[in-house]
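What follows is one structure encoded as structure tokens, with my remarks underneath.
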Amino acid sequence: MENENGKEEAVSSGQPAAVTDLVVHLQDESAALVHTSLHVAGMCCQKEVPLVEKLLKPLPGVHEVNINVMAQLVLVDHDDQTAARQLVSTLNAAQLGAMLSTEYRRLQQEPRGFWNSLPSWHIILAGLLWLVSMLSLIPGPAWMEHFKWVALIVIAVDIPPILRRAFLAASHGLLDINLLMALAVAGAVGLGEYFEGAAVVFLFSLSEWLEHEVTRRARDSLSEILSLRPEDAYLLSKEERVPVEEVAVGDMVGIKVGEKIPVDGIVQSGASSVDEASLTGESRPVEKRVGATVSAGTINLSSYLEVECTARVGDSAVGRLVRLLEQAQGSRSPTEKQVEEFGKVYTPVVVFAATLAATIPFAFGTEVGKEWLYRACVLLVVACPCALIISTPITYMCALSRAAKTGILVKGGCHLETLGRLRVIGMDKTGTLTQGNFRLVELLPVTPATPAVAAGAQPAVATLTQKQMLRLLLSVEALSSHPMAAALCAAARAKGVTPAEDVCDFEVLSQGGVAATIDGRRVRVGSSRVARELGWTASGYAELKGSAEGAPAGETVVEMLARWEAGGGTAGWIGVDSEPVAVLHVADAVRPEAKEAVAELTRLQVSTVMLTGDNKGAAEAVRAQLGLPMARAELLPQDKLTELAKLKEDSRAQKGTVGMIGDGINDGPALAAADVGIAMGAAGTAVAMETADVALMDSDLRKVAEAVSIGKSCRSKITQNMTLAFIIKFVTLALTLTGFGSLWLAISADIGAMLLVVLNGMTLLPKSASSSDNQICVADYYNEDDEEEGDLSLAIEKTQPGDSTDLVIEMVENQDPDRAV
């Protein structure tokens, strides 16, 4: 199978092959699909979309074509009946200027020359000649009227590209703006309005160039994100630089100071500070030592590192980010589709009206006919809905770019709309509102206080020692993926405890907990809900063997657990067979930014509701600490779905939507059930990044409010743009039909409306920050352990917050040439 570089690559049966560049091998029921990303420079407006679809969809093996005009991006899912290069050649046969996205990004890395920033030669020449033709409008000698013939030269110079695209569209049965412009110019020439015909040709060509230039910033902003993935890596086994696709899992790579880390991996040698802003939006460098994980696309700041690769480039966090960002650009929101459908109806209707205006009036005389023929030419220009159609995608692109720069991945415009209408958001507690860094505070044995035991009989299960309780905990929790399990296992291992060898029949309890058979006895570790169902909280199990620190005299087990929970802790029980043997107290701190995040969401008129499976006491303590208006505790996964369904019903009455945020590990069903699911810390969780509608690349809760704010701003800008475009079109149409319109007015209104909606949408782009606000002195993060290698000091200036692609790195003192940047 051919990839984007034209190389043959085999796909193993039943498993997707490794990602090479941006060609993602997917497994279909019938065949292995290839995901090819194309940059199409000749796709400047929505008018080219039907043409691109008509060219690509009939090709054998093409399953789906997604197009984003603003990004000039075409995503094609196809099998090996059609190669990636064939897609490019098909589009280029129609002179659409297509190339593979990987090739385009390499070209973008080259400096942009002065001549590349100017319009095409024919536009410049046409503009100069058009100015000359304006001399015919100046009162003076009769010979100056002859300058009007220069306008015909303007038309001859500038109209060939328009005619070529018009013919191509007409040959495929499409009515596009190029055909409308060509007809309007032909009508103007036929009426002897050479100067106005030249104005239409020149201003239309100029408007296309202006549209391309003013939207280039939005495309380039996203291109910076898409170019995060490194192109090569220094492979230690070969002692040379190789394409990053050749680095396999287990290979060792060397990363010098200032270089991008090429792959996800684990540090095996060295210690350094790493700038992860490109991936997470976090501006401060993160210390990395031996054993720490690093991500592809981040920047090594202060010392040489050797890293063992743990994921191929396509499976890395930045690889998934690039792929999902491209898919987000290719997806279209309901509003965008509705606008496009309106354009499909609006244009033929106006063209039909122009046809009637150009023909019927001649029945009332030649002069009347000529007058209405001119109006018909104006109507053909008015029929172009470019400003209206571009108003939505340009806003989405700018909003997606701003979100991505902040470390927020929004998977398409539809989810931006949903965020903009958000009224209620459900929040998981563990790992979302709290840090998820549990610690075992207390582990105490209990024994039943039945009459038989009180009389001296032996209980069914003897009182356990501390190490025996920890052994049971470690043996069961080592098989669990719950965030709390890691803390319990770490506490046991810290005491030198090892798990039992005979552990089997592990299961996750639906009431909240886990169970396994250890040495032939059934051991359960569960929540208070499990204890209540088994009768462990009854008065017969109220005596505590041992005393908790700070416990009041005579406090029962049940009272002690209630006190733990009221303090925000999580209480659990350990039971052997059918009897409890111990209770435990696990603590988890609230995220320091959580209160600020909740306050900001409230300011944005979004209600917050905690939905947790933890006990009521712990939930109430966190709710009070953060000022949450509502908390629902002791919820099973199906209970969360029920609560979300109630919230959605209430929210729809207010024409709003409901969101759910979780850590992406145990909240999958709830994230899927919400109108928009938001996963935290997705940079390290492949499942969360793939399944959530919105993914926060780190665990900063404040970014939830930022995502909602971007969504609301996006909806507001779209409303403004559509209103503006409608008003301008309506006024121009009314003036034309009443005889006050002109070709000048029509083309100027079209250009003006297009520029206004584009510039208004671009206000969503990330704001540049002053360099003084973004200075990082790497010496502040320099590791003392590296002092033997020399005093390395770097000055790094960021041109934008979170933008690691524009780093300026200076060596302050001479260093080892191998480590120099």
Side-chain angles (χ1 to χ4, degrees), residues 70 218 221-222 281 328-329 331-339 390-427 593-594 596-609 628-629 647-648 650-661 671 674-680 692-697 700-725 756-767 801-802:
M70 293 300 97
S221 185
L222 267 180
Q329 292 180 76
S331 65
R332 289 183 290 176
S333 72
T335 300
E336 193 172 352
K337 292 177 182 177
Q338 289 170 6
V339 171
I390 202 177
S391 64
T392 306
I394 185 65
T395 307
Y396 285 142
M397 172 178 283
C398 294
L400 289 172
S401 175
R402 176 175 167 183
K405 286 275 191 177
T406 317
I408 304 169
L409 173 60
V410 183
K411 297 183 183 178
C414 58
H415 303 305
L416 280 170
E417 287 189 17
T418 306
L419 283 170
R421 295 187 293 117
L422 203 65
R423 291 291 177 269
V424 181
I425 185 167
M427 293 183 165
E593 78 279 3
E596 181 183 347
V598 170
E600 185 64 18
L601 285 168
T602 303
R603 188 188 67 79
L604 293 170
Q605 298 181 334
V606 177
S607 298
T608 50
V609 181
L628 292 168
L647 293 174
K648 289 169 74 173
D650 295 339
S651 184
R652 285 198 179 96
Q654 305 174 21
K655 297 183 180 180
T657 56
V658 174
M660 177 69 192
I661 179 168
L671 293 177
D675 294 319
V676 58
I678 306 173
M680 293 179 58
D693 303 316
V694 179
L696 309 185
M697 304 309 291
D700 189 343
L701 264 179
R702 289 169 295 191
K703 288 185 178 177
V704 179
E706 178 68 16
V708 174
S709 178
I710 292 172
K712 288 181 178 293
S713 298
C714 181
R715 286 193 72 224
S716 175
K717 293 295 182 183
I718 288 174
T719 302
Q720 294 170 16
N721 285 346
M722 291 178 64
T723 303
L724 184 64
L756 284 174
V757 299
V758 168
L759 293 174
N760 189 42
M762 288 179 65
T763 58
L764 289 175
L765 284 175
K767 300 293 190 299

Just by distance, do the side chain of Ser607 and the backbone of Val424 share a donor-acceptor pair under 3.5 Å?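 Looks like no, no N/O pair under 3.5 Å.
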Side chains of Thr406 and Lys703 only: does a donor on one sit below 3.5 Å from an acceptor on the other? no
Apply side-chain contact (heavy atoms from CB on, under 4.5 Å) to residues Leu696 and Ile661 and explain how you reach the verdict. CA-CA 10 Å; Leu696 309 185; Ile661 179 168; 4.3 Å; yes
Please identify each residue that fulfils side-chain contact (heavy atoms from CB on, under 4.5 Å) with [X], with sequence neighbours left out.
| X | value |
| --- | --- |
| Ser709 | Leu604, Ser713 |
| Arg702 | Glu593, Glu596, Ala597, Asp700 |
| Leu628 | Leu433, Val598, Thr608, Met610, Arg623, Leu626 |
| Ala399 | Leu416, Ile710, Cys714, Leu764 |

Gap between atom [atom2] of [Y] and atom [atom1] of [X] - 0.5 Å precision:
| X | Y | atom1 | atom2 | value |
| --- | --- | --- | --- | --- |
| Leu759 | Asn721 | CG | CG | 10.0 Å |
| Thr719 | Leu724 | OG1 | CG | 12.5 Å |
| Glu417 | Thr657 | CD | OG1 | 10.5 Å |
| Leu419 | Glu706 | CG | CD | 11.5 Å |
| Arg423 | Lys648 | CZ | NZ | 16.0 Å |

Partner of Val410 under side chain to side chain contact (heavy atoms under 4.5 Å, CB included), chosen from Ile678, Val676, Val694: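 Going through the options one by one, the only one that passes is Val694.
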Check each of Thr723, Val757, Asn760, Thr395 against Ile718 using the side chain to side chain contact (heavy atoms under 4.5 Å, CB included) test, and report the only one that passes. Thr395
Which residues pass the side chain to side chain donor-acceptor pair (under 3.5 Å) test with Asp675, sequence neighbours left out? none
Kindly write out the residues that satisfy side chain to side chain donor-acceptor pair (under 3.5 Å) with Ser716, not counting sequence neighbours, or none if the list is empty.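 Only Gln720 meet the side chain to side chain donor-acceptor pair (under 3.5 Å) criterion with Ser716.
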Shortest non-hydrogen separation from Ser391 to Met722 and the atoms involved: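 Between these two residues, the closest heavy atoms are OG-CG, 3.7 Å.
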Search all heavy atoms of Glu600 against all heavy atoms of Ala705 and return the closest pair with its distance.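 Heavy atoms of Glu600 and Ala705 come nearest at CG-CB, 3.3 Å.
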side-chain hydrogen bond (donor to acceptor under 3.5 Å, both in side chains) between Thr418 and Asp693: does it pass, once the steps are laid out? CA-CA 10 Å; Thr418 306; Asp693 303 316; over 6 Å; no
